[in-house]
Amino acid sequence: LAGAVPEEERCGVERADASLTSSLFLQRFAFSRPVILRGVTDNSAFRALCTRDKLLASFGARSVRLSTANTYSYRKVDVPFREYVEQLLKPQDLAKLGSDTLYFFGDNNFTEWGPLFQQYVPPPFHIPGTSPAYSFGIAGSGSGVPFHWHGPGFSEVIFGRKRWFLYPPDKTPHFHPNETTLAWLHHTYPTLPPAEQPLECTLRPGEVLYFPDRWWHATLNLDTSVFISTFLG
């Protein structure tokens with residue numbers, strides 16, 4: 001299905017590089033709009049630890065918790081990490097509902113995954129009154145999470161490409177909570193008039209998206225992808 005997952009040509013999210021200061025981040029983006037950051041950190045060492053072989057060697061026998069890829073009610077399933085990578089890490093089935101789609105993201109055992117997370121360099125920006133928490137994930141082509149919202153955070157792509165769709169808090173998107181992002185892209189997205197289309201962009205390895213508090217967002221992995229988010233709670 002990889003060839004059937006399109007990458008849009010346009011990007012409506014502003015980009016910034018290492019010249020962005022903390023004060024400008026707070027002033028221009030932290031509380032108002034998303035931004036894509038490039039070159040603000042160097043995670044080459046972390047990336048080297050996230051290859052298939054390295055992850056299987058370190059965590060293959062460990063149990064990981066998978067969540068269903070729907071918006072409001074999540075079913076949790078525990079499986080060995082090796083089983084997930086070798087048997088479940090497949091392209092998304094367009095006909096499959098979110099409640100029947102298992103996704104590895106967010107439920108990380110920090111005792112087991114802590115040594116890996118210690119090698120990750122988060123973006124150098126902070127929001128007063130918040131503290132960071134990591135969520136690590138691996139997912140197949142066409143997978144993703146449908147529209148939802150929570151507090152602010154950063155999300156970095158380590159391997160693969162991830163397409164993002166975003167709406168501000170006052171603009172609720174049209175979606176079914178049990179429809180996968182891939183199904184939404186095929187069925188709903190083409191029908192949206194210009195005024196109802198999302199802000200969107202595709203992230204590539206080394207790029208970080210910042211999303212503010214309560215912004216609606218959905219994701220779509222265009223390739224088998226490895227990614228990590230830093231949630232600010």
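Since this is a predicted model, take the numbers as computed values, not measurements.
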Output the distance between atom [atom1] ([X]) and atom [atom2] ([Y]), rounded to the nearest 0.5 Å.
X      : Y      : atom1 : atom2 : result
Arg82  : Leu88  : CZ    : CG    : 13.5 Å
Phe31  : Asp213 : CZ    : CG    : 9.5 Å
Asp170 : Arg214 : CG    : CZ    : 12.5 Å
His217 : Thr219 : NE2   : OG1   : 7.5 Å
Leu199 : Tyr167 : CG    : OH    : 10.0 Å
Arg161 : Leu222 : CZ    : CG    : 4.5 Å

If you compare all heavy atoms of [X] against all heavy atoms of [Y], which two are closest, and at what distance to 0.1 Å?
X      : Y      : answer
Leu185 : Pro190 : O-CD, 3.2 Å
Phe231 : Ser135 : CE1-OG, 3.2 Å
Ser22  : Pro124 : OG-O, 3.8 Å
Pro146 : Pro177 : CG-O, 4.3 Å
Asp93  : Ala95  : OD1-N, 2.9 Å
Leu94  : Ala183 : CD1-CA, 3.7 Å

Is it the case that the side chain of [X] and the backbone of [Y] share a donor-acceptor pair, with hydrogens and angles ignored and the cut-off at 3.5 Å?
X      : Y      : result
Asp223 : Ser225 : no
Thr230 : Tyr134 : no
Ser32  : Arg28  : yes
Trp215 : Pro152 : no
Tyr210 : Gly153 : no
Asn43  : Phe46  : no
Thr181 : Val145 : yes
Ser58  : Leu55  : no

Do [X] and [Y] sit in one hydrophobic cluster, given that two such residues count as connected whenever their side-chain heavy atoms are within less than 4.5 Å of each other, even indirectly?
X      : Y      : result
Phe147 : Leu192 : yes
Leu97  : Leu220 : no
Leu166 : Val35  : no
Val208 : Leu24  : yes

Query - Partner residues of Arg33 under the salt bridge (charged side-chain N to carboxylate O under 4.0 Å, His left out) criterion, sequence neighbours left out - result: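 Applying salt bridge (charged side-chain N to carboxylate O under 4.0 Å, His left out) to Arg33 gives Glu14.
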Report task. Would you please name every residue forming a salt bridge (charged side-chain N to carboxylate O under 4.0 Å, His left out) with Asp78, sequence neighbours left out? Result ->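 Partners of Asp78 under the salt bridge (charged side-chain N to carboxylate O under 4.0 Å, His left out) test: Arg65.
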With distance as the sole criterion, is a donor-acceptor pair present between the side chains of [X] and [Y] under 3.5 Å?
X      : Y      : answer
Lys76  : Ser67  : yes
His187 : His176 : no
Ser44  : Asp42  : yes
Asn70  : Thr68  : yes
Tyr189 : Glu200 : yes

Report task. Quick one: do Gln92 and Thr101 satisfy side-chain hydrogen bond (donor to acceptor under 3.5 Å, both in side chains)? Show the steps, please. Result -> CA-CA 8 Å; Gln92 175 71 43; Thr101 299; 3.2 Å; yes
Please tell me if the side chains of [X] and [Y] come closer than 4.5 Å, counting only heavy atoms from C-beta onward.
X      : Y      : answer
Leu66  : Tyr103 : no
Phe59  : Leu116 : yes
Val79  : Gln87  : no
Leu56  : Phe81  : yes
Phe29  : Phe125 : no
Arg75  : Val77  : yes
Phe25  : Gln27  : no
Asn178 : Ser73  : no

Fit a plane to each ring of [X] and [Y], take the angle between them on a 0 to 90° scale, and name the class: parallel (under 30°), tilted (30 to 60°) or perpendicular (over 60°).
X      : Y      : answer
Phe227 : Phe105 : tilted
Trp113 : Phe104 : tilted
Trp216 : Trp149 : perpendicular
Phe165 : Trp184 : perpendicular

**Report entry** Worked check of side chain to side chain contact (heavy atoms under 4.5 Å, CB included) between Thr224 and Phe159
**Finding:** CA-CA 8 Å; Thr224 298; Phe159 289 110; over 6 Å; no
Query raised in the report: Are the aromatic ring centres of Phe211 and His150 under 6.0 angstrom apart?
Result: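 Aromatic pair counts; centres sit under 6.0 Å.
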Requested in this report: Test side chain to side chain contact (heavy atoms under 4.5 Å, CB included) on Val13 and Leu209 and set out the steps.
Outcome: CA-CA 9 Å; Val13 182; Leu209 174 73; 4.1 Å; yes
**Report entry** Ser141/Asn221 under side chain to side chain contact (heavy atoms under 4.5 Å, CB included): CA gap, chis, key distance, verdict
**Finding:** CA-CA 5 Å; Ser141 170; Asn221 298 293; over 6 Å; no
Query raised in the report: Does atom NZ of Lys90 have more than 12 heavy-atom neighbours, drawn from other residues, nucleotides or ligands, at distances under 6.0 Å?
Result: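 Not more than 12 within 6.0 Å, no.
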Query raised in the report: Ion pair present between Arg15 and Glu207, side-chain N to carboxylate O less than 4.0 angstrom?
Result: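 The answer is yes: the pair qualifies as a salt bridge.
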Requested in this report: Could you please spell out the steps behind the side-chain hydrogen bond (donor to acceptor under 3.5 Å, both in side chains) verdict for Glu156 and Tyr120?
Outcome: CA-CA 10 Å; Glu156 179 168 353; Tyr120 178 67; 2.7 Å; yes
Query raised in the report: Does NZ or CZ of Arg52 fall inside the cone over Tyr84's six-membered ring, less than 6.0 Å from its centre and within 45° of the axis?
Result: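 No, cation not above the ring by the 6.0 Å, 45° rule.
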Query raised in the report: Step by step, would you call Ile228 with Phe154 a side chain to side chain contact (heavy atoms under 4.5 Å, CB included)?
Result: CA-CA 8 Å; Ile228 186 168; Phe154 301 92; over 6 Å; no
